[in-house]
Amino acid sequence: ISTRLHDHLEIGDTVELTAPAGTFTLDLEKQSPVVFISGGVGITPLMSMVQSLTEAQPERPASFIAAARNGQHMAFRQELNALHEKHSQLTLAFVYENPSDDDRKNIHYSQSGYINESLLRKHIPGESADFYICGPALFLKAVIDMLRKEGVEENRIHFEFFAPSMNLEEIG
């Protein structure tokens with residue numbers, strides 16, 4: 001939608017909006033640990049969730065694993081760092097495909113390459129954790145397949161494609 005907005009809207013145009021109506025929402029009634037996992041711009045909806053969680057449930061344990069090309073291409077990096085400073089229950093792990101030397105110096109830098117099973121194991125805080133995942137289709141499939149392999153129950157895996165919706169089993 002952002003391309004359409006930039007290409008077709010002018011300053012002063014009116015846009016009708018409604019409140020979000022999807023099913024990819026954080027359950028703030030639960031107390032279970034939460035793990036957010038983003039790939040690229042899939043970080044956008046997860047940022048709203050982590051901000052809501054840290055405001056409404058500041059003691060609820062949470063991890064945020066963010067994957068990007070490198071620190072220059074990672075949206076909301078400063079915002080995540082600031083949330084971590086205020087909320088000790090929030091742990092961060094940055095995974096960069098091609099990290100710079102500066103990226104490697106960041107205290108939240110975890111590894112180069114891609115999210116793998118070893119990294120996920122470190123961030124699975126027990127059987128009761130809920131996982132919220134957003135990113136490109138191949139990213140989603142890979143992460144969800146790894147979570148399933150680690151024994152995470154289907155009802156604890158919540159995801160949204162950052163593209164048109166499709167069946168995970170048809171990807172790849």
Please test V50 against F76 for side chain to side chain contact (heavy atoms under 4.5 Å, CB included), starting from the C-alpha separation and ending with a verdict.
-> CA-CA 12 Å; V50 73; F76 302 110; over 6 Å; no
Show your working on side chain to side chain contact (heavy atoms under 4.5 Å, CB included) between N116 and Q111 and close with a plain yes or no.
-> CA-CA 10 Å; N116 58 28; Q111 67 185 38; 3.3 Å; yes
Return the [atom1] to [atom2] distance between [X] and [Y], rounded to the nearest 0.5 Å.
{"X": "E59", "Y": "S88", "atom1": "CD", "atom2": "OG", "value": "7.0 Å"}
{"X": "R77", "Y": "L92", "atom1": "CZ", "atom2": "CG", "value": "12.0 Å"}
{"X": "H87", "Y": "Q51", "atom1": "NE2", "atom2": "CD", "value": "9.5 Å"}
{"X": "L138", "Y": "Y114", "atom1": "CG", "atom2": "OH", "value": "10.5 Å"}
{"X": "H123", "Y": "E150", "atom1": "NE2", "atom2": "CD", "value": "13.0 Å"}

L120 and I37: CA distance, side-chain angles, deciding distance, side chain to side chain contact (heavy atoms under 4.5 Å, CB included) verdict | CA-CA 10 Å; L120 286 178; I37 306 172; 3.7 Å; yes
What are the two closest heavy atoms between [X] and [Y], and how far apart are they?
{"X": "L53", "Y": "A62", "result": "CD2-CB, 3.9 Å"}
{"X": "S32", "Y": "D130", "result": "OG-OD2, 2.9 Å"}
{"X": "L90", "Y": "H84", "result": "O-ND1, 2.6 Å"}
{"X": "D103", "Y": "G71", "result": "OD2-N, 2.9 Å"}
{"X": "R60", "Y": "L26", "result": "NH1-CD1, 4.4 Å"}
{"X": "F139", "Y": "A67", "result": "CE1-CB, 4.1 Å"}

Please lay out, stage by stage, how R148 and E154 fare under the test salt bridge (Lys or Arg N to Asp or Glu O under 4.0 Å).
-> CA-CA 8 Å; R148 288 173 175 160; E154 291 293 325; 2.7 Å; yes
For E97, look at atom CD and say whether over 12 heavy atoms of other residues, nucleotides or ligands are found less than 6.0 Å away.
->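 Enclosed.
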Taking atom CD of E117 as the centre, report whether more than 12 heavy atoms of other residues, nucleotides or ligands fall under 6.0 Å from it.
->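 It does: E117 CD has more than 12 such atoms within range.
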Got a donor-acceptor contact below 3.5 angstrom from the [X] side chain to the [Y] backbone?
{"X": "D145", "Y": "A142", "result": "no"}
{"X": "Q57", "Y": "L28", "result": "yes"}
{"X": "N98", "Y": "R69", "result": "no"}
{"X": "Q89", "Y": "P58", "result": "yes"}
{"X": "R156", "Y": "F131", "result": "no"}

Within the 4.5 Å heavy-atom criterion, are [X] and [Y] side-chain neighbours or not?
{"X": "S112", "Y": "P99", "answer": "yes"}
{"X": "L80", "Y": "M47", "answer": "yes"}
{"X": "S38", "Y": "C134", "answer": "no"}
{"X": "I124", "Y": "V35", "answer": "no"}

Going by distance alone, is a donor N or O of one side chain under 3.5 Å from an acceptor N or O of the other, for H73 and N70?
->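 A pair is found: one side chain offers a donor N or O, the other an acceptor, under 3.5 Å apart.
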For the rings on F36 and F64, is their centre-to-centre separation under 6.0 Å?
->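 Yes, the ring centres sit under 6.0 Å apart.
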Evaluate the ring planes of H158 and Y132, with Trp represented by its six-membered ring, and classify them as parallel (under 30°), tilted (30 to 60°) or perpendicular (over 60°).
->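 It falls in the parallel class, under 30°.
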Knowing that exactly one of L119, I133, V143 qualifies, which makes a side chain to side chain contact (heavy atoms under 4.5 Å, CB included) with I65?
->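 One option only clears the test, and that one is L119.
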